[in-house]
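Reading through the structure tokens given below for one structure.
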Amino acid sequence: MLNMNNISRIYQSDTIQTHALRDFSLNVKAGEFVAVTGPSGSGKSTFLNVAGLLDNFDRGQYELDGVSVQGLKDDELSRLRNEKIGFIFQNYNLIPDYSIFDNVDMPLRYRGFSASERKRRVEEALEKVGLVSRLKYLPSQLSGGQQQRVAIARALAGEPKILLADEPTGNLDSLMARQVMEILHDLNKGGATIIMVTHDPDQAREVNRNVQVIDGQLADFKIYAPLEKPVDSSGKTISAAVNEEMADA
Amino acid sequence: MNFTTLNIKGLIKSLLLRKFTTGLLILQLAITLGLLVNSAILAFDTREKMSQPTGLDDENILIVSTHPTSGSYRDLDYYRSIVNEDLAKLNQLPGVNSVSITNQLPIRGRGMLSNTHDIDNPEQEKTDKYLQDVKYTLADENLAEAMGFTIVEGRFLNESDELDFDSEAKNNIVITESLKKGLYGDESAVGRETNNGIIVGVIKDIMLDPTLPRDKQYGLFMNTMMKYIFIGRFYVLNVEPGQMANVRNQVTDTILAVQAERDIFDIFTMSEHLKSFYRDDQGLSDLFLLLCGLMLFVTAISSYAYSQFHISRQKKFIGIRRALGARKKDILLYVLTENWLVYSIGCLLGVFVAIGFNILLSQHISLSKPDMMLFVLATAVIFISGTVATWFPAYHTSNISPVIATRTV
Amino acid sequence: MRSNSMFTYNLSLAMQSFKRAPSLYFLVVLTLSIGVGLLCANLALVNSMASDPIPEKSEELFHVSMNTWPNDDPQAEPFHILRYREAMKIVASDIPKNSAVFYASGVYARDSASLSLKRFDSSVRATTPGFFALTNAPFAYGSGFIKSSGMEVVIGHELNQKIFSGENSVGKVLELDGELLTIVGVLKPWNLRPLFYHATEGRAFNLTDDIYAPLETSIDLGWSIHARSSSTVSYKGVKFTRDRDVFYLQAWVELENSAQKQAFQYYLDNYSQSLKEVGEHPLAIRNELRDVNAWLLEQNIVDQKVLAFTLASVLFLCVCVFNASSLLLSRFHSAKFEVGLRRAIGASNKHILVQGITESALLGVIAGLLSLLLSWLFLKLSTKFLPDLENLAVLEPKLLLLGVLLALVTAVFSALYPLYRANRYTISAELK
């Protein structure tokens, strides 16, 4: 699915050359849930930017879903981002002036879907994160966890090949973080490929594979056994948990 | 262009969130449109006025305005002899078809006027007030040829129409066609008598006073120029096409060679005379155009600042859009559409400003009502100048890197 | 002096701010000064046109209109020009302190003692002697003539410059259209804007005359009428007008109080009544006295084109203010971090406001100075496009002041909303 080979990314300032990534190689297979960890400044953000086609790289090969990305034009990169990648950011990155519906709708417009197709997909995606009742709300009217779930819906709506999550729970309290993680695991169960940058070792342990980045290189590999379905003893489903939270809001 | 990538409703919402700046820009655009439309009206009005047919051989008529400076001219016989010599000498210039003299020119407001009515029907002046101010032109027999009058009925003045200077007999007169209609309707006028003399001919209308209606160009001509030579201020020369510059250069020397104690105020063609009549209209219209230029400039600065300011606040969101798959041209279109939306609202509002301004202006000057074409034209100008002004910030914006989306500050 | 040092501190902050975004401030100053300059230039024109040319006694000088038209056809309204007989009736009255009856003419003038035959085209005011006292004509040399006849003239400053290069020419003899007249007085430079004594026929902004000649002499010499005349009969020149129905003389009287005015009105009406009694006044009696400002207002001398353009320049100034306001808004917005910082270290809202107003006032002063230059430029430009305005294009000190004030006010006004917004940025939001 994602195949990086000896990628280097060098930032050049007047006096210093910084190797943000140095001969970085990583292969992620379809259906995998990979956690990327590492100290700050290690290059994990750069990795995510390169993986998400937000930033270019200086050396190496990168193949995403069978498409070799080096040498692609800006428009083609945009198209790939739009069609193959779903982004989940630490600070959600919702457009504050837009309603929940319009936020999820936005990338679909760039895809050129018809209005009815967009509507169907937006509602379906919001259904998956349990927020379909809040189409007309503004992001500021939602809690942080809800906002992040909107962001997940936005990432899902385009039916991407791969989800890239950048500290998706970094701004959330533990209860909300838990809900978001549950959604991600659920999606992974449904077959989604996920790469998540995180500094939370517990989260890193819950996934299929944890890779560690230090000084721009892949330092460590840990492969964990796939987890059981995250259902608590009472047998509550995710959406039930969501409803509970709504009652609080 | 693919407008489905845009969320128009979202755009409007985002404009509403910047009510103040958007409102200011919309007001500016509306005022600019109002001024553009009315300036265009002034420009077109002036052009139309200047291109009205005068009924004269405009390009080939040369006029010399002159006056003696010496006291010797108070002897009118001396005055006449000099004028006759002037006329003869001017006539001999190569390229001159004919030469005449008159007390006043067409295409002038007011001037020497006289009330005119059929001798048996003085009441006419009460039903048609234009008959109270009929342009009263003193001429000699050559004026028709020099000016290029067209005879409609009868004949123009001839030498026999010039009476002895102390004669009390009635003068023969020639009148314009509209005066004939005003006095006698469709009947023939030749042989009829007015308070100013007996009509011997009717000429096709010429533009005597542009401030009067086209069908009220009332004028009469009589062969008394030599009698009242002291008001004979204008020599009228009809010049062979192509010879104008040549003749023009020789006129002053020719006249001064006859007698030097003369002031030659001005030498001009009839078309220059027409232009100078509308000089102030032209000047005002030019001033308005100048103001339009300034206003477009200022509004362009505002459009630029508006999008620049907006973009500086939207950088992050533009980055997010890029990260989520917007192409550069999508962003370009997004920024431009936002501006176009503002221009559209501004121009729509501008229609009212234009109409209001038009009403306000028409209390001071005469100008036509705005029409649809002018609105379209002015709107196009605003869109083009606005787009040019926002192109740079918009283009700059489209180059915002999507990486910005993952930054947390 | 705490407030004083605060002021200098604010000024220095403003200067720093200008340095930080020079092109933005340049645009603000430029647009404001163009807007103010243009409006000021137009106001200067309107001011020249609408001003009182003789404020010291404009309420005591009255123009006389009468409706003595001898038949009932065209002239139903009182007429601003009079026959010789009415004019003489006015001159004969001893009610007014001064009276002047005149018509406009023109002659060619040269120094009779000069060898050169060059003659100068000169405008003539053929008038009764009361003219000089009535109009407060300023004499440089000599004085006015005392009688309405006699071969004497008074000349204006400019003609004296042209013919005698400005020296005292009293006693010299001019040749005017072949006749010899002696100079008895020379005027100082005399600007009357508007030229109230002859505001009709579009002459309200002509210069004062070159030559002032006795009325009877001018008529006898046959100096033709260079302004509107109207008659019911034909006549062979001005010489033959005294006993005919030729209307061409304008009359002004100086009446010092309402009693005099009433008495003079009565005098005129009485005269009209006497005409009516012998069947020479077919119209209803309507004699009108209007003081200088009422007369000028009635003549509608303010150029409508200039008024129209002034309207447009008011709109333009609005656009300039809006533009400055949105520019300042974006400037203050980008400086909000700094504002937050200042607030955090203890500057009160008021400090920030005073700082902002100091900055905009400084902008206003700069724009004001620039606008003076631009007003002058626009005036030159206006007279190029509308040459008739040439005698009017004068920037008086009060207009210069108005320009600077206008710039100051518009600059502060432009900054008001942006400042209000800047003051609402919360400290925490900017400094988290």
Side-chain angles (χ1 to χ4, degrees), chain A residues 44-56 73-99 101-115 117-118 138 151 154-155 157-158 160 164 166-167 170-171 197, chain B residues 1-22 309-338 341-342 394-409:
Chain A
K44 59 184 195 297
S45 292
T46 308
F47 157 72
L48 198 78
N49 287 341
V50 170
L53 308 177
L54 300 178
D55 202 354
N56 44 9
K73 290 201 192 73
D74 190 85
D75 278 3
E76 293 163 327
L77 291 175
S78 294
R79 183 113 219 129
L80 280 182
R81 280 201 295 274
N82 188 268
E83 287 178 3
K84 299 203 188 291
I85 302 171
F87 277 106
I88 301 161
F89 304 97
Q90 177 179 354
N91 47 358
Y92 335 128
N93 277 349
L94 300 177
I95 310 262
D97 310 347
Y98 277 21
S99 69
F101 181 94
D102 287 337
N103 264 290
V104 179
D105 177 59
M106 194 234 296
L108 302 180
R109 283 182 180 261
Y110 292 122
R111 189 86 71 93
F113 286 136
S114 69
E117 172 74 3
R118 294 201 313 266
L138 286 177
R154 180 175 65 186
L164 295 179
D166 182 11
E167 307 267 14
N171 287 0
V197 169
Chain B
M1 264 183 257
N2 182 1
F3 281 93
T4 59
T5 63
L6 297 165
N7 183 340
I8 299 291
K9 225 170 62 200
L11 275 184
I12 293 174
K13 240 161 97 186
S14 116
L15 291 182
L16 281 177
L17 284 169
R18 303 173 265 150
K19 279 192 228 54
F20 183 75
T21 43
T22 309
F309 174 48
H310 177 46
I311 288 159
S312 74
R313 299 208 293 182
Q314 292 270 307
K315 239 179 180 154
K316 173 97 185 181
F317 304 122
I318 300 289
I320 296 168
R321 284 172 188 277
R322 290 280 284 137
L324 296 179
R327 291 161 302 173
K328 284 185 177 182
K329 54 185 162 203
D330 292 326
I331 300 298
L332 201 64
L333 190 66
Y334 168 73
V335 175
L336 288 177
T337 307
E338 205 166 62
L341 199 63
V342 175
Y395 180 76
H396 192 68
T397 308
S398 70
N399 278 334
I400 287 176
S401 162
V403 178
I404 204 170
T406 57
R407 297 213 184 112
T408 40
V409 179

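So you know, we letter chains A, B, ... as the sequences are listed, proteins then strands, and number each from 1.
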What part of A:Asn171 is in contact with chain B, defined as an atom under 4.5 angstrom from a non-hydrogen atom: side chain, backbone, both or neither?
neither
All side chain to side chain contact (heavy atoms under 4.5 Å, CB included) counterparts of A:Glu117, not counting sequence neighbours:
A:Phe113, A:Ser114, A:Arg120, A:Arg121
Ignoring hydrogens, what is the shortest heavy-atom contact between B:Phe317 and A:Leu94? Give both atom names and the distance.
CE2-O, 3.8 Å
What do you reckon, is CZ of B:Phe20 surrounded by more than 12 foreign heavy atoms closer than 6.0 Å?
yes
Between the CG atom in B:Leu324 and the CZ atom in A:Phe89, the distance rounded to the nearest 0.5 Å is 5.5 Å
Of the listed residues (A:Arg79, A:Glu76, A:Arg154), which shares the most heavy-atom pairs with chain B below a 4.5 Å separation?
A:Arg154
Validation row: B:Thr406, A:Glu167 side chains within 4.5 angstrom (heavy atoms):
no
Which portion of A:Asp75 sits near chain B, non-hydrogen atoms under 4.5 angstrom
both
Measure A:Leu138 against the heavy atoms of chain B and call it side chain, backbone, both or neither at under 4.5 Å.
side chain
Testing the basics here: between B:Ala326 and A:Ser78, what is the closest heavy-atom pair and its distance to 0.1 Å?
O-OG, 3.3 Å
Do you know which of A:Pro96, A:Gly158, A:Ser99 has the most heavy-atom pairs under 4.5 Å to chain B?
A:Pro96
Working note: A:Ile95 + B:Gln314, criterion side chain to side chain contact (heavy atoms under 4.5 Å, CB included); need CA distance, chi angles, decisive distance, verdict.
CA-CA 10 Å; A:Ile95 310 262; B:Gln314 292 270 307; 5.9 Å; no
Looking at A:Leu48, A:Asn82, A:Leu54, which makes the most heavy-atom pairs under 4.5 Å with chain B?
A:Leu54
Residue of the set B:Lys329, B:Arg322, B:Arg327 for which side-chain hydrogen bond (donor to acceptor under 3.5 Å, both in side chains) holds with A:Asp74:
B:Arg322
Can you tell if the side chain of B:Arg321 reaches within under 4.5 Å of the side chain of A:Asn93, non-hydrogen atoms only?
no
